[in-house]
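When a ligand or atom number is given, it counts from 1 through the structure's own listing order.
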Amino acid sequence: MSEPRVRVPDLREKKRRGEKIAVLTAYDATMARLLDGAGVDVLLVGDSVGVVVLGYEHTLTVTLDEMLHHTRAVARGATRALVVADMPFMTYQVSVEEAVRNAGLLLQAGAAAVKVEGGPAIAGAVRRMVEVGIPVMGHLGLQPQSVHQLGGYKRQAMQREEIETLVEDAHALERAGVFAIVLEAVGHDAARQVTSAVSVPTIGIGAGPDCDGQVLVSHDMLGLFDGHIPSFVKQYAHLAEDVARAARAYADDVRAGRFPEAARPLETRRS
Ligand code: KIV
């Protein structure tokens with residue numbers, strides 16, 4: 001019998017019970033099936049897809065059509081995990097109406113919730129999305145869609161005043177109705193203070209051990225991405241090396257006439 005789906009209210013319940021929440025990014029059906037089967041609670045169709053899958057320099061280039069495409073794929077692969085889709089840059093900042101319409105498209109593509117970056121500036125859009133039945137996850141601290149304004153991917157909320165602002169921003173998102181808040185690359189003190197100040201779960205990435213849950217980019221933690229990996233990432237596998245080794249062995253076999261083997265039975269590509 002299949003396990004019951006993780007739903008939005010389950011995450012707040014996990015925080016209440018002191019149970020940590022495991023979140024990973026996913027961008028396609030096969031990976032979603034594997035991560036879902038391993039018991040990951042939330043699959044985030046992150047706009048990090050732009051960097052680790054599509055080869056863009058940053059997430060600002062990712063379009064709504066691309067997010068819809070990857071969200072559909074992940075939704076087809078996930079049977080238990082809560083699927084959350086990132087709203088790409090400029091799909092929720094221009095007007096509340098656009099934010100609601102675009103979030104609705106992501107839910108129609110199979111997401112159960114959307115994620116947006118920012119604090120009070122986007123609270124109006126968050127409130128309206130929640131009012132019409134769209135669950136929203138917030139994202140504070142390092143906001144990659146603001147990389148140009150920040151001047152790089154820098155650690156946030158290290159000083160007392162910045163921590164106070166972060167806590168205020170988290171309260172603003174909580175009042176607007178978010179069901180969880182990602183805290184990216186903030187000081188550990190800041191993460192601890194926000195986590196105890198809000199009733200919704202915090203999901204940390206490079207924010208220390210005191211958040212209610214953790215998220216990593218799956219391609220980073222699986223060692224599948226061959227670009228820069230942030231130092232806070234724990235790598236549980238080194239798949240890029242495995243892929244390169246397998247591809248080299250295959251190419252060698254083809255060139256040497258070792259593959260295909262004459263004795264191998266012929267069948268169609270997929271049953
Ligand atoms: O896009 C993404 O993968 C994210 C996570 C890093 C939280 O927003």
Side-chain angles (χ1 to χ4, degrees), residues 11 20-28 31-32 35 40-64 66-71 73-74 78 81-93 103 106 111 113-119 122 126 135-147 150 152-157 166 170 173 178-186 190-191 194-195 200-208 211-222 224-225 227-235:
L11 299 193
K20 297 277 188 182
I21 300 161
V23 184
L24 282 173
T25 64
Y27 314 109
D28 62 66
M31 189 63 86
L35 304 179
V40 172
D41 299 307
V42 179
L43 294 181
L44 171 64
V45 191
D47 58 0
S48 51
V49 67
V51 179
V52 298
V53 174
L54 301 177
Y56 297 149
E57 189 187 339
H58 44 56
T59 58
L60 279 76
T61 322
V62 176
T63 66
L64 183 59
E66 286 165 341
M67 288 306 298
L68 290 168
H69 175 77
H70 289 280
T71 299
V74 170
L82 182 81
V83 175
V84 180
D86 253 340
M87 294 195 72
F89 182 57
M90 281 300 120
T91 62
Y92 56 99
Q93 295 94 336
L106 287 161
V114 297
K115 176 166 82 58
V116 289
E117 296 181 9
I122 56 147
V126 172
V136 181
M137 179 181 270
H139 184 149
L140 293 173
L142 174 57
Q143 295 159 37
Q145 292 178 9
S146 302
V147 61
L150 295 171
Y153 298 99
K154 296 177 182 158
R155 188 154 277 281
Q156 305 291 307
L166 185 72
L173 287 180
V178 297
F179 69 91
I181 302 173
V182 167
L183 294 176
E184 179 164 355
V186 300
V194 173
T195 301
V200 296
T202 57
I203 310 293
I205 173 161
C211 294
D212 299 303
Q214 296 291 328
V215 55
L216 283 177
V217 170
S218 52
H219 283 49
D220 289 348
M221 78 92 167
L222 293 171
L224 191 51
F225 182 56
H228 170 74
I229 310 278
S231 56
F232 59 77
V233 173
K234 179 170 176 185
Q235 287 193 302

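Taking every heavy atom of both residues into account, D47 and M67 meet most closely at CA-SD, 4.0 Å.
Of all atoms in ligand 1, listed by their number and element, those nearer than 4.0 Å to a heavy atom of H139 are 8 (O). Taking a cut-off of under 4.0 Å to the non-hydrogen atoms of T25, the atoms of ligand 1 that pass are 3 (O). Under a 4.0 Å criterion applied to the non-hydrogen atoms of G46, ligand 1 contributes the atoms 1 (O), 2 (C), 3 (O).
The number of heavy atoms from other shown groups lying within 6.0 Å of NE2 (H69) does not exceed 12.
When the side chain to side chain donor-acceptor pair (under 3.5 Å) test is applied to S146, no partner is found at least two apart in sequence or on another chain.
Within the model, atoms CG of L43 and OG1 of T71 stand 11.0 Å from one another, a figure rounded to the nearest 0.5 Å. To the nearest 0.5 Å, the span separating CG on L140 from CG on L173 amounts to 5.0 Å. Between the CD atom in Q214 and the CZ atom in F232 there is a gap of 9.5 Å [rounded to 0.5 Å].
When D86, D47, I205, L142 are checked for heavy-atom proximity to atom 6 (C) of ligand 1, I205 turns out nearest.
No heavy atom of E117 sits closer than 4.0 Å to any atom of ligand 1.
Looking at atom 3 (O) of ligand 1, its nearest protein heavy atom turns out to be S48 OG, 2.5 Å. Regarding atom 8 (O) of ligand 1, its nearest protein heavy-atom neighbour is K115 NZ, 2.9 Å. Nearest protein heavy-atom contact of atom 4 (C) of ligand 1 is L44 CD2, 3.7 Å.
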Checklist entry - Should V217 and I229 be marked as a side chain to side chain contact (heavy atoms under 4.5 Å, CB included) after you check the CA-CA gap, both sets of side-chain angles, and the distance that decides it? => result CA-CA 10 Å; V217 170; I229 310 278; over 6 Å; no
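Residue E184 has no nitrogen or oxygen atom sitting less than 3.5 Å from a nitrogen or oxygen atom of ligand 1, judged on distance alone.
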